[in-house]
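So the structure is just underneath, and the comments pick up after that.
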Amino acid sequence: MNPPFDPSQVWLILPAFNEGAVLGGVLDSIRPHGYQAVVVDDCSTDGTYETAIGRLWVHVLRHPVNLGQGAALQTGISYALQRGAGYLVTFDSDGQHSIGDVPRLLAPLVEGKAEVALGSRFLRVDSAALNEIPRARRLVLRAAALYTRLTTGLAVTDAHNGFRALTAAAAARIQIQQNRMAHASEILSEIARQKIPFVECPVAIRYTPYSLAKGQRLSNAFNILWEIFTGKTRR
Ligand SMILES: Nc1nc2c(ncn2[C@@H]2O[C@H](COP(=O)(O)OP(=O)(O)O)[C@@H](O)[C@H]2O)c(=O)[nH]1
Ligand SMILES: [Mg+2]
């Protein structure tokens, strides 16, 4: 699809924590597309910040203490909105997301069919792609999608996918308060509560030895449930 939008209106928000080994490659894959990129570093100790700041076209923000992925997304989103972003895309810094999927997420927003497009790794038609998702991870993700259906009524197939696109209006309406990983559930709850029109779109999630070694452990699913529970009772 040729983008019927101005790519400079599209802001990619990249939360980053100790991704120095791969962040340069991720940023270099974004550059030719003409999108804006905001890296939100969270006190990385491995050269993540230096990698980002060395690319003069990248906007680089840094939290003074580690606050978490949810907090970093909100920092990046607020920054992009202040600079007049038209569309915002949340994009991982660890190489798991493919820049080529961005136009597919943006299309329903540009066409006015939805305000949020949620990436789903389970909607891909090529069955080989599903085989790439480690089995235990697939089960936890299916359970998370079921939990989301039961608690929010949203019929999503992939509840913890960090690859999504939002119009500026939707991004302004969703205030992420969950600093760490429960923000993904929080975004879905807000979509349901505010009845924000959304669609799911197929996206690829790349599983590499790097991403599997460094990414979230399955046991963290319990932490996420705890964050959701304690976050809910705080309100
Ligand atoms: N700013 C920031 N980014 C984080 C933090 N934890 C993870 N991330 C980033 O969020 C993205 C997804 O994290 P990851 O651990 O790979 O989650 P997974 O893909 O769900 O296993 C990556 O780009 C990470 O660098 C954090 O504490 N702060
Ligand atoms: Mg990851």
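For the single chain, residues carry numbers from 1 onward in sequence order. First listed ligand is number 1; within each ligand, the first listed atom is number 1.
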Is [X] reaching over with its side chain to a backbone N or O of [Y], donor-acceptor style, under 3.5 angstrom?
X: Arg62; Y: Tyr49; value: no
X: Glu200; Y: Leu123; value: no
X: Asp42; Y: His63; value: no
X: Gln96; Y: Ser211; value: no

Handout entry: Numbered atoms and elements of ligand 1 in range of Asp92, under 4.0 angstrom, heavy atoms
Key =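 Near Asp92, meaning under 4.0 Å from one of its heavy atoms, ligand 1 has 11 (C), 12 (C), 19 (O), 23 (O).
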Practice task
Go through ligand 1 atom by atom and flag the ones less than 4.0 Å from a non-hydrogen atom of Gln69.
Solution key: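 Those of ligand 1 that fall under 4.0 Å from Gln69 are 4 (C), 5 (C), 10 (O), 11 (C), 12 (C), 26 (C), 27 (O), 28 (N).
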Identity and distance of the protein heavy atom lying nearest [atom]:
atom: atom 4 (C) of ligand 1; answer: Phe17 CB, 3.6 Å
atom: atom 23 (O) of ligand 1; answer: Ser93 N, 2.8 Å
atom: atom 19 (O) of ligand 1; answer: Gln96 OE1, 2.8 Å
atom: atom 9 (C) of ligand 1; answer: Pro15 O, 3.6 Å
atom: atom 28 (N) of ligand 1; answer: Asp42 OD2, 2.5 Å
atom: atom 20 (O) of ligand 1; answer: Gln216 CG, 3.8 Å
atom: atom 16 (O) of ligand 1; answer: Asp94 OD2, 2.8 Å

Ligand 1 to [X] polar contact by distance, N or O atoms, under 3.5 Å:
X: Met181; answer: no
X: Lys214; answer: no
X: Val40; answer: yes

Practice task
Classify the side-chain pair Ser78/Gln74 by whether it contains a donor and acceptor separated by less than 3.5 Å.
Solution key: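 On atom types as modelled, these side chains qualify, holding a pair under 3.5 Å.
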Problem - Check: Thr48/Glu19 side-chain N/O donor and acceptor closer than 3.5 Å - result: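 On atom types as modelled, these side chains do not qualify, holding no pair under 3.5 Å.
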Exercise for the section: Looking at Asp94, pick out the N, O or S atom nearest to the Mg ion (ligand 2) and give its name. Expected result: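 Closest to the Mg ion (ligand 2) among those atoms: OD2.
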Side chain, backbone, both or neither: which applies to [X] and ligand 1 if a contact is any heavy-atom pair less than 4.0 Å apart?
X: Asn66; value: side chain
X: Glu19; value: side chain
X: His63; value: neither

Exercise for the section: Anything under 30° is parallel, anything over 60° is perpendicular, the rest tilted; go ahead and classify His97 against Phe91. Expected result: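 His97 vs Phe91 ring planes: perpendicular.
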Problem - Same cluster (ILVMFWY, side-chain, under 4.5 Å), Phe5 and Ile99 - result: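 Same cluster: Phe5 reaches Ile99 through Ile, Leu, Val, Met, Phe, Trp or Tyr contacts under 4.5 Å.
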Problem - Lys NZ or Arg CZ of Arg142 over Phe122 ring: under 6.0 Å, within 45° - result: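 The answer is yes, since Arg142 meets both limits relative to Phe122.
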Problem - Residue-ligand contact Gly68/ligand 1, heavy atom below 4.0 Å - result: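 It does; at least one heavy atom falls under 4.0 Å.
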Handout entry: His160 heavy atom under 4.0 Å from ligand 1
Key =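 Contact check His160 vs ligand 1: negative.
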Handout entry: Any Leu61 side-chain heavy atom under 4.5 Å of Val38 side chain
Key =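 Yes, side chains in contact.
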Problem - Test side-chain contact (heavy atoms from CB on, under 4.5 Å) applied to Leu118 and Asn161, Ile191, Asp158, Val199, the passing residue - result: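 Of the listed residues Asn161, Ile191, Asp158, Val199, the side-chain contact (heavy atoms from CB on, under 4.5 Å) partner of Leu118 is Ile191.
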Practice task
Return yes when at least one N/O/S atom of Ser211 is nearer than 2.8 Å to the Mg ion (ligand 2), and no when none is.
Solution key: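 Under 2.8 Å: Ser211 has no N, O or S contact with the Mg ion (ligand 2).
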Handout entry: Heavy-atom neighbours of Lys214 NZ exceed 12 at 6.0 Å
Key =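 Count over threshold, so yes.
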Exercise for the section: Out of Ala16, Gly95, Ala72, indicate the one that has the non-hydrogen atom closest to atom 3 (N) of ligand 1. Expected result: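 Going through Ala16, Gly95, Ala72 one by one, Ala16 has the nearest heavy atom to atom 3 (N) of ligand 1.
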